[in-house]
J.: 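Structure in structure tokens, see below.
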Amino acid sequence: MKSYSMMIAGQPVFASSTFDVINPATGEPFGKAQAGNAEHVNQAVAAARAAFSAWSRTPDAERKRLMHAIAGALEANMPELMELVTKETGKPMGGLNGVGSGMEVGGAIAWAHVTADLELPIEVIQDNDDARIEVHRKPLGVVGSITPWNWPLMIAVWHVIPALRAGNTVVIKPSELTPLTTVRFVELANTLLPPGVLNVVTGDTDVGVAIAKHPGIDKIVFTGSTATGKNIMQNAAGNLKRLTLELGGNDAGIVLPDVDPKAIATKLFGACFHNNGQTCACLKRLYVHESIYEEMCAELARIAKETIVGDGLAEGTQLGPVQNKEQLEIVKELAEDARVHGARFLSGGHARAGKGYFFEPTVVADISDGIRLVDEEPFGPILPVIKYSDIDEVIARANNSPNGLGGSIWSKDKVKAAKLALRLECGTVWVNEHGAIQPNAPFGGIKQSGIGVEFGRYGLEEYTSIQTLKIMKA
Ligand code: NAD
């Protein structure tokens, strides 16, 4: 079984022990990663600090060129990376509505290119007889990146490329459940970057805690659960690290009565179930008007039953397994709780017997707020469909959540839908869509879904501090 090294100061680094990386489709290990520790974090931070001075002064055009070159290296290794993504996450190569490893690697490449081309122009806010005042964007120093298991390569690229583009150096720690694509990404990038600019330390929570606490790190960018985000915020307070936190979501979607359920069912199902519901901005609470409720439920259940679930490496698979056993247990628990509370299961509802962490795509009707499946983020292939009659009341219910990542309104009347969408308390709202993100539009959560945004100019600015330059004229 292949053992993947860490990468510190441009060199492969091996720890005294390794841990297994499991393929969730089989429950069997298929690779090994290094069990890094706080001492490896110290070494990586020292390397990143040493590299920062030269990297932050590297001409902008050269940093841009190198970011495009990293995207090119990912593209040149796309088949290998796709297979690795599928083996460690379980997601299919193709996937439901085209959401799979091909999209993950292709998306990472596209994001890297678009981010490479972003600019941080000097802003002149005064230029008169008294003085000229310019606002400059300066890199922060060393960025610590901590990533989750659901989109490991994509999210690593979302963190690393803007951080480097803005002139910072980076220490990244991938999820211990899915470390291998990140290790390969860092290896490939290191064939192009100066040593120490990008380092990776693999390991468990202790490595993340060491990064959050480290006095030599200036900023943390974290994507993961809200509970971990809060812990990181506490640990990062020691040296007032800057924070971008992309945390959990429990996104609501509201379907208005003017919609034809048959016309939107495929898109709506994809918004809820792509990547097995294991995407932060999947639609996780679906509110449907009572006049079309039964028809909408029946359409979603029909698609759920037709969906091909299996090993992501097999041709034609639309949904793979849940990524890990612990998450599967959460999904099972939420399903059982809904059952106990009298919910109606229209499809699925059970884990599959045999190997791997499979759970049938599950549509649950006759359920409402106050039941765990509605109130908590299931992060799995199970969707509660909730009946409503009054639009003001349903918007209040959608907003009655500690989370505020995304939300959507589905209607033929786009003007009315856009007005309603703006009443949802969340970072992104969609009309007749849900969860679709792109590299030029800011994305982030409000309330307990996070702090700050990623993507586009707004996202790039999060990797900088402002320096104001005032030049007196007299
Ligand atoms: P998690 O919080 O359990 O782990 C994420 C990472 O944090 C892992 O690398 C883990 O090792 C590390 N970690 C764990 N405890 C730590 C600590 N105390 N200090 C520092 N690091 C620590 O999250 P997960 O289960 O991997 O991911 C699923 C969650 O991520 C879901 O809630 C999902 O909604 C959220 N998510 C959010 C976004 C977004 O953009 N908002 C995107 C993807 C996933």
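We count ligands from 1, going down the list as the structure has it; atoms in each ligand are counted the same way. Source: prediction; values computed, not measured.
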J.: Just distances here: any N/O of Lys173 and N/O of ligand 1 closer than 3.5 Å?
T.: yes
J.: Below 4.0 angstrom, N of the basic side chain to O of the carboxylate: do Arg242 and Glu462 qualify?
T.: no
J.: Any nitrogen or oxygen of Thr223, main chain or side chain, under 3.5 Å from a nitrogen or oxygen of ligand 1?
T.: no
J.: Check Ile146 against ligand 1 and report side chain, backbone, both or neither, counting heavy atoms closer than 4.0 Å.
T.: side chain
J.: Is ligand 1 less than 4.0 angstrom away from at least one heavy atom of Gly249?
T.: yes
J.: Quick one: which of Gly224, Ser225, Gly208, Ser175 has a heavy atom closest to atom 2 (O) of ligand 1?
T.: Ser225
J.: Counting only nitrogen or oxygen atoms and a 3.5 angstrom limit, does Gly203 reach ligand 1?
T.: no
J.: Quick check on contacts: which atoms of ligand 1 are under 4.0 angstrom from a heavy atom of Pro174?
T.: 9 (O)
J.: Could you pull out the closest heavy-atom pair between Asn150 and Thr89, with the gap in Å?
T.: O-CG2, 4.3 Å
J.: Hey, what do you get for CD1 (Ile395) to CZ (Arg423), rounding to the nearest 0.5 Å?
T.: 4.0 Å
J.: Salt-bridge test for Asp369 and Arg397: reply yes if a basic N is under 4.0 Å from a carboxylate O, no otherwise.
T.: yes
J.: Please examine the side chains of Thr147 and Ile172, heavy atoms only from C-beta on, and report whether any two atoms are closer than 4.5 Å.
T.: yes
J.: For the residue pair Trp430 and Thr428, confirm or rule out a side-chain donor-acceptor distance under 3.5 Å.
T.: no
J.: Taking only non-hydrogen atoms of Gly229, do any sit less than 4.0 angstrom from ligand 1?
T.: no
J.: Relative to atom 26 (O) of ligand 1, which among Phe443, Trp158, Trp149 owns the nearest non-hydrogen atom?
T.: Trp149
J.: Without hydrogens or angle criteria, can the side chains of Thr178 and Gln323 be said to hold a donor-acceptor pair below 3.5 Å?
T.: no
J.: Check whether more than 12 heavy atoms from other residues, nucleotides or ligands sit under 6.0 Å from atom OH of Tyr458, and answer yes or no.
T.: no
J.: Relative to ligand 1, is Thr147 under 4.0 angstrom through side chain, backbone, both or neither, heavy atoms considered?
T.: backbone
J.: Can you tell me which portion of Glu176 lies within the under-4.0 Å heavy-atom range of ligand 1? Options are side chain, backbone, both, or neither.
T.: side chain
J.: Evaluate Asp204 for polar contact with ligand 1, using N/O atom pairs at a separation under 3.5 Å.
T.: no
J.: Is at least one protein non-hydrogen atom found at under 4.0 angstrom from atom 11 (O) of ligand 1?
T.: yes
J.: Is there a side-chain contact between Val255 and Leu268 (heavy atoms, below 4.5 Å)?
T.: yes
J.: Please list, in number order, the atoms of ligand 1 under 4.0 Å from a heavy atom of Ile155.
T.: 43 (C)
J.: Which bit of Ala212 gets closer than 4.0 Å to ligand 1, counting heavy atoms only: side chain, backbone, both or neither?
T.: neither
J.: If we only count heavy atoms from C-beta on, is the Arg285 to Ser401 side-chain gap below 4.5 Å?
T.: yes
J.: Please state whether Thr226 comes within less than 4.0 angstrom of ligand 1, counting heavy atoms only.
T.: no
J.: Which part of Phe379 is near ligand 1, with near meaning a heavy atom under 4.0 Å away: side chain, backbone, both or neither?
T.: side chain
J.: Check whether NZ of the Lys or CZ of the Arg Arg339 lies under 6.0 Å from the centre of the six-membered ring of Phe345 and within 45 degrees of that ring's axis.
T.: yes
J.: Run the numbers for me: atoms of ligand 1, each under 4.0 Å from some heavy atom of Glu377, listed by number.
T.: 31 (C), 32 (O), 33 (C), 34 (O)
J.: Check each atom of ligand 1 against the heavy atoms of Asn231 and keep those under 4.0 Å away; list them by number with element.
T.: 17 (C), 18 (N), 19 (N)
J.: Using a 4.0 Å heavy-atom threshold (strictly under), name the region of Ile232 that reaches ligand 1: side chain, backbone, both or neither.
T.: side chain
J.: Report yes if the side chains of Met233 and Lys241 come closer than 4.5 Å at any heavy-atom pair, otherwise no.
T.: no
J.: Return yes if a side-chain donor-acceptor contact under 3.5 Å exists between Gln278 and Lys91, otherwise no.
T.: no
J.: In terms of atom number and element, which parts of ligand 1 are under 4.0 angstrom from non-hydrogen atoms of Asn150?
T.: 43 (C), 44 (C)
J.: Is it true that Phe222 lies under 4.0 Å from ligand 1, counting heavy atoms only?
T.: yes
